[in-house]
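Every chain is numbered from 1, with letters handed out A, B, ... down the list of sequences. Given the structure is predicted, the values throughout are model-derived calculations rather than measurements.
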Protein chains: 2
Amino acid sequence: MQKTAKSLGSKKKAGARLRGHIWLDGSEGTFLGYGRVALMERIREYGSITRAAKALEISYRRAWVMIDSMNRQAPKPFVVTSAGGRGGGGTLVTEDGERAVRLFWKFHEDFQKFLEKEGNKLGVSPIKNKKEKK
Amino acid sequence: MQKTAKSLGSKKKAGARLRGHIWLDGSEGTFLGYGRVALMERIREYGSITRAAKALEISYRRAWVMIDSMNRQAPKPFVVTSAGGRGGGGTLVTEDGERAVRLFWKFHEDFQKFLEKEGNKLGVSPIKNKKEKK
DNA sequence: GAGCGTAATATACAATTATGAATAACGAAA
DNA sequence: TTTCGTTATTCATAATTGTATATTACGCTC
């Protein structure tokens with residue numbers, strides 16, 4: 001036990017960057033987060049859980065679990081599915097789902113601004129990323 | 001494919017709550033977060049990684065890895081260790097470490113305020129927890 | 001120099017989490 | 001009623017992460 005630091009360290013934490021994750025909690029834990037929003041956006045794009053999962057490079061099961069959890073926690077389903085029929089069926093995002101996606105991105109946007117301001121306020125490096133020129 | 005939601009769902013997401021995690025990133029990924037701050041606080045309390053880890057109910061290895069990672073990313077070590085000597089050795093938090101802890105809690109505090117405001121702004125339930133009557 | 005309790009380190013094992021493959025159910029359309 | 005591609009579901013396996021245990025190094029104290 002020794003070596004009490006005499007001079008204080010740099011105030012900027014040498015390139016440290018404030019980061020974070022945000023999400024909405026529901027009755028069963030996670031209700032809406034980055035993964036689920038991305039999934040809904042792909043479902044909107046492809047009309048299919050299978051293809052959306054492939055595009056996101058996650059397993060079908062994982063995608064299905066997310067949707068199931070989300071729908072059970074939502075007052076009304078965010079996506080509706082149908083098995084069988086023309087094309088085998090499909091999945092689409094409801095108006096409620098679309099609204100949830102917009103709400104989440106607004107939340108994210110505000111959060112990014114918060115991080116920016118906070119970084120200045122706390123004197124932590126505003127460095128955004130590795131390898132940025134200009 | 002059917003059943004387009006006709007009436008819009010509730011605006012409050014029925015008890016959904018905004019949540020999040022924050023941390024500081026460094027050159028190797030996570031630099032400072034809730035776990036590392038809690039660890040430093042316990043080290044300050046006990047003067048030992050072993051006892052701090054026990055108090056937090058994590059393995060010594062995990063605690064050590066956190067400290068090592070943190071110290072390597074910090075301009076100057078946040079904790080200093082010594083093996084051997086009176087009492088077998090020990091660990092203590094440096095002034096830089098203490099300052100980092102304070103900075104992180106300030107960050108956390110501001111973040112909680114942000115979540116509160118954001119919940120109001122977005123119209124997401126201000127409900128703090130399950131089981132509230134009235 | 002022996003004893004002590006700690007840090008430091010390696011490694012086998014446990015637990016958790018995600019994946020991939022397989023199968024059945026579905027329902028419109030030909 | 002057969003076909004088709006999707007959803008829904010199960011299960012074994014893989015990958016990841018954390019734990020428990022053992023061992024060595026350390027350096028003050030007696």
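- Listed nucleotides dT19(C), dT7(D), dC28(D) differ in distance to Arg62(A); the shortest reach to its side chain belongs to dT19(C).
- Listed nucleotides dC26(D), dT9(D), dT6(D) differ in distance to Ala83(B); the shortest reach to its side chain belongs to dC26(D).
- Close to dA7(C), at under 4.0 Å from its OP1 or OP2, lies a side-chain N or O of Thr50(B).
- Ring geometry for Phe114(B) against Phe111(B) counts as parallel: the plane angle stays under 30°, on a 0 to 90° scale with 60° as the upper cut.
- Residue Arg86(B) has its side chain nearest to dC28(D) when only dC28(D), dA28(C), dT6(C) are considered.
- Along DNA chain C, the nucleotide nearest Gly85(A) and the nucleotide nearest Ser59(A) are compared for position; the residue whose nucleotide lies closer to the 5' end is Ser59(A).
- Sorted by first then second residue, the salt bridge (charged side-chain N to carboxylate O under 4.0 Å, His left out) pairs that include residues 34-43 of chain A, not counting sequence neighbours, are Arg42(A)-Glu45(A).
- Atom NZ of Lys54(A) is separated from atom C1' of dG20(C) by 11 Å (rounded to the nearest Å).
- Checked against the 6.0 Å centroid criterion, the rings of Phe78(A) and Phe31(A) qualify as a close aromatic pair.
- The backbone N or O of Glu28(A) sits less than 3.5 Å from a side-chain atom of Gln73(A), completing a donor-acceptor pair.
- Using a 4.0 Å cut-off, some side-chain N or O of Thr81(A) falls inside it from OP1 or OP2 of dA8(D).
- Here dG18(D) presents its P atom at 14 Å from CG of Leu56(B), a figure rounded to the nearest Å.
- Taking for each of Trp64(A) and Gly88(A) the nucleotide of DNA chain D with the nearest heavy atom, the 5'-most of the two is the partner of Gly88(A).
- Between Glu57(A) and Arg61(B), the one whose closest nucleotide on DNA chain C sits nearer the 5' end is Arg61(B).
- Within the structure, every side-chain polar atom (N or O) of Ser82(B) is placed at least 4.0 Å from both OP1 and OP2 of dT6(C).
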